[in-house]
Amino acid sequence: MNDLILIPNPKKIEKTDGIFTVPLSSMIVILNDTARGASVYADELSREFENAAGFSLPVTRGEAKPGDLSLSIDDGISPSEYSIEISERGVTVKGGSLDSLGWGAATLRQIVRQCGSRLPYLKINDSPVFENRGFYHDITRGRVDTLDELFRLADKLSFYKINQLQLYIEHTYLFRDISELWRDETPLTASEILALDDYCAARGIELVPSLSSFGHLYKLLSTVTYSELCELPDSDRHNHPFYFEERMAHHTINVSNESALPLIKKMISEYMSLFRSDKFNICADETFDLGQGRSRELSERVGVDRLYVDYIKELFDFLIKRGKTPMFWGDIITRCPELISELPKEVICLNWGYSPVQNEYDAQVLSDAGATQYVCPGVAGWNMWINSMNTAYLNISRMTSHGKKYGAVGLLNTDWGDCGHVNQPIFSVPGLIYGAVGAWSGELPEYDELNREISILEFGDPSGKIVSYLGEASGLCAFGWGYVVHIKGEVERGDDIKSWFDDFDPERARVYSEKLIPIENEIRVLSAGIRGSRDIVGRAVLSIEIIRAWNETGAYMKNMLYPDTAGEFDKCAGARIAARLEGLLYRYGELWRRDGKEGDLRYITEIFAWYADIMRRYAMKRELDL
């Protein structure tokens, strides 16, 4: 009882002596005047009970009897509030609305998961700090989840009381009339989006459409049909090899072309019709090329800031006329805060920042300008094999604090997929939960304690250590994926890559890999005691082995580039390292396809193969061949 873990922890909880032992005759009763949508929460509670207690509780509607578990709407409390009471009479869960009833049911599920059919006497009253608690999931730059995987994500969000989900889309939706955009991709279809929207709505989650509409339009603006709309000329991708960094850094739409806005509006219209949400996120971030190419002449006359604001205002007005609340990323507008006053009052600015020491400047700028804002931290998994748990924790803590201080109306926690989204999706779950806790409670518990609680409640690890082990392993990657990707791109563009290795120390890479061995062994030991899915153990072991293999690859590459300073250097090891990379890639691909569609796996495979071939050639020829 004293170690009962509730995430997020309720604001008010009263514990008394006593245990309610659930009788075999108990039922889960949805009271008569409760909305039909409550049946989803009752069914989830019933499944949780069967998994934890070993016997099922049937769900019904009507009047509760002593010993039952009842769900109901209470008009006497706030729509954002719920209450739970467990006593000798049974269990009651009340919500001021259908949504808050679902949050109460989620808390009861957490109690049942730990206590089975012997539930401690207690009373809980709870409500959130931030009304809007979201998760932003990149399904463009790497992984494209299957519908079943997206359903599981929605289940996770519901369990931790997150009530908004956005999917980042550039080219991974099957637009009806733009087949060039997705013909070599594995996009989500309209029927999948519709099904996900229904699934989320049934669980109190608003599925908010999000579509790149300004920058980050690589696939659209490199097609034969629409390449002329790109700010920088010669963007047809048939003339250029694919680079992850090129896809992210360029391909901004040319706002001076009169065909640009009609195309984007058409895409927005088609996509937003699939959602019941009254919001739409146009993104509009990182417009690096704006005014640098085809719109340069216009930019010189009116200024880059004016180009930016006039374009987004057109899209905002388009959305508002159709009953939608526009959202957009705030990285550009915070540089010209004097223009914020020109934006419609309905607009929500998404204030993002991912540093572990993220400052409050942007939040203050938006607040002073009178803008409505969400604060948007991140789960720190991009360009990493295992998320940096410590970075995510510090960043989310700071952004939560900034949001409270400057009156943010929501917290949107982000999971980006820069350069392929190579981290296993399960490694983003601790960061997802950090964000859920911050958004609900307004602050996070101590790092080690929260990791312990997540390990136990989410992953079924009674030792409470699995999340901390993952955090340790993340920091021992000497040759990170971001470097791996950029080095390949530099070579293929004919640039010198030696500078990338100036600070790379092969000895440090060896030490890091040695430190990973006991962490991996400890994680393997945990698998026998984990009560939930052991999937996290297998994925952790594979990811640690991948980190070690890339550490070894980095050391070999450094010695290959600087043989005169390499000392004792086994040149023949290149073939062995190459085979190791390829073997790990095969296992990685199996897991990738279990979670989602093919997505960008082909590009990740090309990078592994490129390094493997270089090391094999060097091992055979004993000379540099780049």
Exercise. Between the main-chain N or O of F242 and the side-chain N or O of R247, is there a donor-acceptor pair closer than 3.5 Å?
Worked result: no
Problem set entry | Pair I519-K515, side chain to side chain contact (heavy atoms under 4.5 Å, CB included): steps then yes or no | CA-CA 7 Å; I519 296 174; K515 288 182 177 180; 5.5 Å; no
Seminar exercise, completed: side-chain contact (heavy atoms from CB on, under 4.5 Å) with L542: of I547, V537, L591, only one passes, and it is L591
Exercise. Which pair of heavy atoms, one from P356 and one from T391, lies closest together, and at what distance?
Worked result: CD-CG2, 4.0 Å
For this session: Taking the side chain as every heavy atom from C-beta outward, state whether V437 and Y160 have any atom pair closer than 4.5 Å.
Result: no
Exercise. Where the side chain of R534 meets the backbone of S527, is there a donor-acceptor pair that is under 3.5 Å apart?
Worked result: yes
Ignoring hydrogens and angles, write down the donor-acceptor pairs under 3.5 Å from the side chains of residues 493-500, residues two or more places apart or on other chains.
residue, atom, partner, partner atom, Å
R493, NH2, E245, OE2, 3.1
D496, OD1, K498, N, 3.2

Problem set entry | pair W352-T414: side-chain heavy atoms closer than 4.5 Å | no
Exercise. Is there a salt bridge (charged side-chain N to carboxylate O under 4.0 Å, His left out) between E360 and K405 once you walk through the steps?
Worked result: CA-CA 9 Å; E360 61 183 41; K405 182 175 180 179; 3.2 Å; yes
Exercise. When rounded to the nearest 0.5 angstrom, what distance separates OG in S441 from CD1 in I7?
Worked result: 10.0 Å
Exercise. Are the aromatic rings of F130 and Y374 close, with centres under 6.0 Å apart?
Worked result: no
Exercise. Would the F608 and W610 ring centres measure less than 6.0 Å apart?
Worked result: no
Problem set entry | Donor-acceptor pair, side chain of R398 and main chain of S355, under 3.5 angstrom | no
Exercise. So, for A363 and H402, which heavy atoms are closest and what is the spacing to 0.1 Å?
Worked result: CB-CB, 4.2 Å
Problem set entry | Sidechain-backbone polar pair: S513 side chain, R510 backbone, donor-acceptor under 3.5 Å | no
Problem set entry | Close side-chain approach of C230 and I253, heavy atoms under 4.5 Å | no
For this session: Applying salt bridge (charged side-chain N to carboxylate O under 4.0 Å, His left out), run through E582 and R587 and close with a yes or a no.
Result: CA-CA 9 Å; E582 290 158 348; R587 288 185 174 271; over 6 Å; no
Exercise. Applying salt bridge (charged side-chain N to carboxylate O under 4.0 Å, His left out), which residue pairs with at least one partner in residues 435-448 are found, sequence neighbours left out?
Worked result: none
Enumerate, atom names and distances included, each donor-acceptor pair closer than 3.5 Å involving a side-chain atom of residues 144-156, sequence neighbours excluded.
residue, atom, partner, partner atom, Å
D145, OD2, H137, NE2, 2.6
T146, OG1, E149, N, 3.1
E149, OE1, R152, NE, 3.2
E149, OE1, R152, NH2, 2.8
D155, OD1, Y199, OH, 2.8
D155, OD1, R203, NE, 3.4
D155, OD2, Y199, OH, 3.1
K156, NZ, E458, OE2, 2.5

Exercise. Do the non-hydrogen side-chain atoms of Y136 and D415 ever get within less than 4.5 Å of each other?
Worked result: no
Exercise. What do the steps show when you test Y218 against E170 for side-chain hydrogen bond (donor to acceptor under 3.5 Å, both in side chains), and what is the final call?
Worked result: CA-CA 8 Å; Y218 167 77; E170 292 177 17; over 6 Å; no
Exercise. Does the side chain of E185 pick up a donor-acceptor pair with the side chain of T172 at under 3.5 Å?
Worked result: no
Problem set entry | G482 backbone acceptor or donor facing H486 side chain under 3.5 Å | yes
Problem set entry | Distance, nearest 0.5 Å, that separates CH2 of W481 from CG of N423 | 12.0 Å
Exercise. Is the distance between the ring centroids of W385 and F427 under 6.0 Å?
Worked result: no
For this session: Would you please say whether a donor-acceptor pair under 3.5 Å links the side chains of S468 and Y447?
Result: no
For this session: Can you measure from CD (Q424) to CH2 (W592) and round to the nearest 0.5 angstrom?
Result: 9.5 Å
Exercise. Is the closest side-chain heavy-atom distance between Q166 and L412 below 4.5 Å?
Worked result: yes
Problem set entry | Residue pair L165 / C200: nearest heavy atoms and the distance that separates them | CD2-SG, 4.2 Å
Problem set entry | D331 vs N351 side-chain heavy atoms within contact, under 4.5 Å | no
Problem set entry | Contact summary for E192 and L188, nearest pair of heavy atoms | OE1-CA, 3.2 Å
For this session: Would you kindly say whether E545 and Y588 are connected by a side-chain donor-acceptor distance under 3.5 Å?
Result: no
Exercise. Between S212 and Y168, does a side-chain hydrogen bond (donor to acceptor under 3.5 Å, both in side chains) hold up when you go through it step by step?
Worked result: CA-CA 8 Å; S212 274; Y168 177 55; 3.0 Å; yes
Problem set entry | T400 side-chain N/O to I396 backbone N/O, donor-acceptor pair under 3.5 Å | yes
Exercise. Short question: side chain of T186, backbone of G599 - any donor-acceptor pair under 3.5 Å?
Worked result: yes
Exercise. For E598, does the CD atom sit with more than 12 other heavy atoms under 6.0 Å from it, leaving out its own atoms?
Worked result: yes
For this session: Answer yes or no: is there a donor N or O on one side and an acceptor on the other, between the side chain of W182 and the main chain of F175, under 3.5 Å?
Result: yes
Exercise. Y434 versus N451: any side-chain heavy-atom pair under 4.5 Å?
Worked result: yes
Problem set entry | Side-chain donor or acceptor of E520 paired with backbone N/O of I517 under 3.5 Å | no
Exercise. Between L581 and W550, is a side chain to side chain contact (heavy atoms under 4.5 Å, CB included) present by the stated rule, with each step listed?
Worked result: CA-CA 8 Å; L581 281 177; W550 280 111; 3.8 Å; yes
Problem set entry | Nearest heavy-atom neighbours spanning F504 and K558 | O-NZ, 2.7 Å
Exercise. Which distance, rounded to the nearest 0.5 Å, do you find between the OH of Y173 and the OG1 of T140?
Worked result: 13.5 Å
Problem set entry | Inter-residue atom distance L585.CG - I604.CD1, 0.5 Å rounding | 8.5 Å
Exercise. Is L211 close to N281 at the side-chain level, that is, under 4.5 Å between some pair of heavy atoms?
Worked result: no
For this session: Applying side-chain hydrogen bond (donor to acceptor under 3.5 Å, both in side chains), run through N163 and E206 and close with a yes or a no.
Result: CA-CA 6 Å; N163 63 358; E206 182 181 6; over 6 Å; no
For this session: Go through N383 and D418 one step at a time and tell me if the side-chain hydrogen bond (donor to acceptor under 3.5 Å, both in side chains) criterion holds.
Result: CA-CA 6 Å; N383 288 326; D418 300 25; 4.6 Å; no
Seminar exercise, completed: The side-chain contact (heavy atoms from CB on, under 4.5 Å) partner of I162 among L157, I205, N132 is L157
Problem set entry | Distance in Å, N254 CG paired with Q292 CD, rounded so as to fall on 0.5 Å steps | 12.5 Å
For this session: Using modelled atom types only, decide if a donor and an acceptor are shared between the side chain of T252 and the backbone of E231 within a distance under 3.5 Å.
Result: no
Problem set entry | Shortest non-hydrogen contact from I332 toward E286 | CD1-N, 4.1 Å
